[in-house]
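The next block holds one structure in the form of structure tokens; read it before the comments.
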Amino acid sequence: MFFRLRNLLGAAAWRSSNVCCVRKFQSPQDRIQLKGRDLLTLKNYSAEEIKHILWVSADLKHRIKQKGEHLPLLQGKSLAMIFEKRSTRTRLSTETGFALLGGHPCFLTLHDIHLGVNESLQDSARVLASMTDGILARVYKQSDLEQLAQEASIPVVNGLSDSYHPIQILADYLTMQEHFGRLNGLTISWIGDGNNVLHSIMLSAAKFGMNLRIATPKGYEPDPSVTKTAEQFSKEYNTQLILTNDPLEAARGSNVLVTDTWVSMGQEEEKKKRLQAFHGYQITNQTGKVASPDWIFLHCLPRKPEEVDDEVFYSPRSLVFQEAENRKWTIMAVFVSLMTDYSPQLLRPTF
């Protein structure tokens, strides 16, 4: 009887121990560790890793903005901010966000650092890594970012390149999650140029279970290699991916209508040609009539009237200014995640 009882108690203890272990490791978000990583594209970030960054974003926004807490999570850390291209939101969100967390951001323009010209990329990366804890680079060429990341021993974050704009998309997803209470099952419609912002959506939307409908003029489609990867992700996550040249076809049934500038920095000489090619692509309430009744509008800014009319841009459906503010909370979350072991206190949002 004694041995039987001991065996029963031992079995119960074993089951209890293993239940604890299962609970500890069964949730994917419990295993997320991003410290030391680069963020050059969302392509090589898993669904749970992107969700973790969005969770940290919501947590910081709640604790700092809503509760008024002081969180010096980046106290004593410094950030090199390299800007080959000017920016309002990327610079302001990064500078104020990093400083709010106790860190020191250092802004560097082409007059301060000219990648690969005054000094090789390799040498620049090693110098920056010896003096700072992270690099945010807004550059013309994705290849420059990749070389920086290869040579630097600190996290490198893409503040925009010719290929991708991952930190913008994080802000978009946080805005959508706040509005709809979820991301899974939503349909995003991109109406505009097949550019870097679209590429980042294409490499991440399916990971949340979101459908993506894309309308671009002929000759302005997204990069074929990005499309191929997006098709693979769509198949893997069982989502819908549609590419068309018809804006209304892309908008049909959509929850989120998104566009961006038709003439990016460096494309000014093509302006007349581009405006002709994009005729009929302006987002208006007529576009919204074929979308889902709950549709919203997003734009990464700055916006031009030919891309979206005032009636939509300044309407309650437009969340562009909430989206712009969320650039700050998401970039803060990126650097907290890549530089520290911080764990969010806020209950994990539904994705």
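Just so it is clear, the model here is predicted, and its values are computed rather than measured.
Using a 30° and 60° split on the angle between ring planes, His52 and Trp55 fall in the perpendicular class, above 60°.
With salt bridges taken as basic N to acidic carboxylate O contacts below 4.0 Å, none links Glu146 and Lys141. Note on Glu69 versus Lys67: salt bridge recorded, some NZ/NE/NH1/NH2 to OD/OE distance being below 4.0 Å. Between Glu48 and Arg348, at least one side-chain N (NZ, or NE/NH1/NH2) sits under 4.0 Å from a carboxylate O, which counts as a salt bridge. Using a cutoff of 4.0 Å between basic side-chain nitrogens and carboxylate oxygens, Glu49 and Lys207 are not scored as salt-bridged. Glu151 and Arg126 are joined by a salt bridge, as a carboxylate oxygen and a charged side-chain nitrogen come within less than 4.0 angstrom of each other. Arg303 and Asp310 are joined by a salt bridge, as a carboxylate oxygen and a charged side-chain nitrogen come within less than 4.0 angstrom of each other.
Note that CZ of Arg327 is 7.0 Å distant from OG1 of Thr94, once rounded to the nearest 0.5 Å. Atom CD1 of Ile113 is separated from atom SG of Cys106 by 9.5 Å, given to the nearest 0.5 angstrom. Leu203 CG to Phe233 CZ: the interatomic distance, rounded to the nearest 0.5 Å, is 6.0 Å. Atom-to-atom distance recorded for Leu346:CG and Arg63:CZ is 9.5 Å, nearest 0.5 angstrom. Taking CD1 from Ile167 and CD1 from Ile331, the interatomic distance works out to 4.0 Å, rounded to the nearest 0.5 Å. How far CG of Asn285 is from CD of Glu311: 4.5 Å, rounded to the nearest 0.5 Å.
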- Mind running side chain to side chain contact (heavy atoms under 4.5 Å, CB included) on Lys61 and Lys328 for me, showing each step along the way? CA-CA 9 Å; Lys61 187 174 184 179; Lys328 178 172 181 172; over 6 Å; no

Using the rule given for side chain to side chain donor-acceptor pair (under 3.5 Å), can you reason through Thr175 versus Asp172, listing the C-alpha separation, both sets of side-chain angles and the distance that settles it, and then say yes or no? CA-CA 5 Å; Thr175 305; Asp172 291 3; 5.6 Å; no

TODO: Under the side chain to side chain contact (heavy atoms under 4.5 Å, CB included) rule, what do Tyr281 and Asn245 come out as? Steps first, then yes or no, please.
DONE: CA-CA 10 Å; Tyr281 276 71; Asn245 302 121; 4.1 Å; yes

task: May I have the step-by-step check of salt bridge (charged side-chain N to carboxylate O under 4.0 Å, His left out) for Glu306 and Lys271, ending in yes or no?
output: CA-CA 12 Å; Glu306 61 264 20; Lys271 182 174 181 179; 5.5 Å; no

| Can you list the steps and then say if Met202 with Ile214 is a side chain to side chain contact (heavy atoms under 4.5 Å, CB included)? | CA-CA 9 Å; Met202 293 174 71; Ile214 300 166; 3.9 Å; yes

Decide yes or no on side chain to side chain donor-acceptor pair (under 3.5 Å) for Gln322 and Glu178, but give the supporting numbers first.
CA-CA 10 Å; Gln322 178 182 340; Glu178 289 175 335; 2.7 Å; yes

Would Glu221 and Leu243 satisfy side chain to side chain contact (heavy atoms under 4.5 Å, CB included), going step by step from the backbone distance to the final call?
CA-CA 9 Å; Glu221 293 88 355; Leu243 288 89; 5.6 Å; no

Problem set entry | Check against side chain to side chain donor-acceptor pair (under 3.5 Å), Arg213 and Thr244 | CA-CA 8 Å; Arg213 305 172 68 93; Thr244 178; over 6 Å; no

request  = Start with the C-alpha gap between Lys273 and Gln276, add the side-chain angles, then the distance that decides, and say whether side chain to side chain donor-acceptor pair (under 3.5 Å) holds.
outcome  = CA-CA 5 Å; Lys273 177 184 176 183; Gln276 291 175 345; over 6 Å; no

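Hydrophobic clustering of Ile, Leu, Val, Met, Phe, Trp and Tyr side chains at less than 4.5 Å, counting indirect connections, unites Leu73 with Leu39. Hydrophobic clustering keeps Leu212 apart from Ile242 (ILVMFWY residues linked when any side-chain heavy atoms are closer than 4.5 Å, directly or through intermediates). The cluster map of Ile, Leu, Val, Met, Phe, Trp and Tyr, joined by side-chain heavy atoms under 4.5 Å apart, puts Met81 and Leu100 in the same cluster. Following chains of ILVMFWY side-chain contacts shorter than 4.5 Å, one can reach Phe321 starting from Trp295, so the two form part of one hydrophobic cluster. Under a hydrophobic-cluster definition in which Ile, Leu, Val, Met, Phe, Trp and Tyr are linked whenever side-chain heavy atoms come within less than 4.5 Å, directly or via other members, Val290 and Leu298 are assigned to different clusters.
Checking side-chain atoms of Asp38 against main-chain N and O of Val156 turns up a donor-acceptor pair under 3.5 Å. Under the 3.5 Å distance criterion, the side-chain polar atoms of Asn196 are left unmatched by any main-chain donor or acceptor of Asp162. Judged purely by atom type and a 3.5 angstrom limit, Arg138 uses its side chain to pair as donor or acceptor with the backbone of Arg86. Proximity of a side-chain donor or acceptor of His104 to a complementary backbone N or O of Lys77 within less than 3.5 Å is not detected. At least one donor-acceptor pair closer than 3.5 Å links the side chain of Glu84 to the backbone N or O of Tyr140. The closest donor-acceptor contact from the side chain of Thr239 to the backbone of Lys235 lies at 3.5 Å or more, if one exists at all. Side chain of Tyr173 to backbone of Ile50: no donor-acceptor contact under 3.5 angstrom is found. The main-chain N or O of Leu198 is found under 3.5 Å from a side-chain atom of Asn195 such that the two form a donor-acceptor pair. Checking side-chain atoms of Glu323 against main-chain N and O of His299 turns up a donor-acceptor pair under 3.5 Å. Within the 3.5 Å criterion, the main-chain N or O of Lys304 finds a donor-acceptor partner in the side chain of Glu307.
Scanning all heavy atoms of the two residues, the minimum distance from Gly76 to Asp133 falls at O-OD2, 4.1 Å. Of all non-hydrogen atoms in Gln282 and Thr287, the two that sit nearest each other are O-OG1, 3.7 Å. In plain terms, the two heavy atoms of Ala215 and Asp246 that are nearest each other are CB-O, 3.7 Å. When all heavy atoms of Ser292 and Asp294 are compared, the pair lying nearest together is OG-OD1, 2.6 Å. Pairing each heavy atom of Cys300 with each of Val197, the nearest pair is SG-CG2, 4.4 Å. Nearest heavy-atom pair across Thr330 and Ile53 is O-CG2, 4.5 Å.
Ser163 and Gln142 are not linked by any side-chain donor-acceptor pair at a separation below 3.5 angstrom, with hydrogens and angles left out of the test.
Checked against the 6.0 Å centroid criterion, the rings of Tyr220 and Phe278 qualify as a close aromatic pair.
Counting heavy atoms from C-beta outward, Val263 and Lys272 have side chains that stay 4.5 Å or more apart. Inter-residue side-chain proximity for Val312 and Arg317 is flagged as unmet; no heavy-atom pair is nearer than 4.5 Å. Using a 4.5 Å heavy-atom cutoff, the side chains of Leu338 and Val157 are in contact. Within the 4.5 Å cutoff, no side-chain heavy atoms of Lys85 are placed close to those of Val139. The side-chain heavy atoms of Phe297 and Ile283, taken from C-beta on, include a pair separated by under 4.5 Å. For the pair Arg274/Asp193, a side-chain contact is recorded, criterion being any heavy-atom separation below 4.5 Å from C-beta on. At a threshold of 4.5 Å between non-hydrogen side-chain atoms, the residues Phe180 and Ile296 count as touching.
Taking the ring centre of Phe208 as origin, the terminal cationic atom of Arg182 falls outside the region bounded by 6.0 Å and 45° from the ring axis. For the pair Arg91 and Phe107, the cation-pi test (distance below 6.0 Å, angle within 45°) is passed.
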